[in-house]
Amino acid sequence: EDMIAQFLLAQAAREANFNLTEADLKSRMDALATQVGGAEVLSAWQSAHGYDQASFQIALNRAAEAAWMRDKIIADVPTVVEQIHVRQILTYNEEDARTALEQLNAGAEFDEIAALYDPITFGELGWVPHGYLLDAGADEAVFALQAGVYSDVVATDAGFHIFKALERGDHPLTPDALLTMQELALKNWVAEQRAKSEIILVP
């Protein structure tokens, strides 16, 4: 899978007119030799792993192309996106979650119930972008909410949640959220390219 992704990225880099010059390639080879302890050590490693000088240069060139395209995809991820400021009530059995939902529906304050289950953060999740929450069902439930509205009970591997949207709008990504969105953008790009490519694996 990693090799297929690298080939797709490298191919896209060439289509975008990225070109690693002979001087750049030599510089990378020299830096790699220095890093591993000298040209002889690098040559021995190449031989042990089935490379000759030409095939290793091709592999190194492809890796550089793939890295350039990966960086381009990541750089295109916006740092300000629509997000929802979320708080949750999290329980570890469905019965407690259903009881909490009944209390909310009867007029209880969300924050007061959230504090019973999480007295440290009161269920605060902060601002989250679409795709940030690990569970797809939770992510879908959160982004179906308008500000001031809470969800039904949502079951995930972590437990049973009731989410409430406090605010909704464009907001800067936190460093952690930005990293997650960059990883998601790269994953989605590879999946899209793979879906429209003919991939032949040769033994």
Can you confirm whether more than 12 heavy atoms, excluding those of E140, are under 6.0 Å from its CD atom?
no
Partner residues of F18 under the ring-ring contact (aromatic ring centres under 6.0 Å, His included) criterion, sequence neighbours left out:
W68
Can you name the residues that form a side-chain contact (heavy atoms from CB on, under 4.5 Å) with D135, not counting sequence neighbours?
A138, T156
Is a side-chain N or O of S197 found less than 3.5 angstrom from the main chain of Q193, in a donor-acceptor match?
yes
CZ on R87 to CG on D111, rounded to 0.5 Å
4.5 Å
Can you name the closest pair of heavy atoms from I162 and S151 and give their distance?
CG2-O, 3.3 Å
What do you reckon, is CG of N105 surrounded by more than 12 foreign heavy atoms closer than 6.0 Å?
yes
Are N61 and Q57 close enough that a side-chain donor and a side-chain acceptor fall under 3.5 Å?
no
Would you call E1 and R194 a salt bridge, taking side-chain N to carboxylate O under 4.0 Å as the test?
yes
Less than 4.0 angstrom from a charged side-chain N to a carboxylate O is my criterion; do D152 and R98 meet it?
yes
If you take all heavy atoms of I84 and V142, which pair is closest and at what distance?
CD1-O, 3.3 Å
Decide whether D176 and Y132 meet the rule of one side-chain donor and one side-chain acceptor closer than 3.5 Å.
yes
Counting only heavy atoms not in Y51, do more than 12 fall under 6.0 Å of its OH?
no
What orientation do W45 and F56 show, parallel under 30°, tilted 30 to 60°, or perpendicular over 60°?
perpendicular
Can a donor-acceptor pair be found between the side chains of D118 and T121 at a distance below 3.5 Å?
yes
Decide if the gap between the ring center of H161 and the ring center of F163 is smaller than 6.0 angstrom.
yes
Under 6.0 Å from the six-membered ring centre of F7 and within 45° of its axis: does the NZ or CZ of R62 meet both?
yes
Check the side chains of T21 and D24 for a donor-acceptor pair under 3.5 angstrom, ignoring hydrogens and angles.
yes
Between K26 and D30, is there a side-chain N and carboxylate O pair less than 4.0 Å apart?
yes
Can a side-chain donor-acceptor contact be found between E124 and H85 if the only test is distance below 3.5 angstrom?
yes
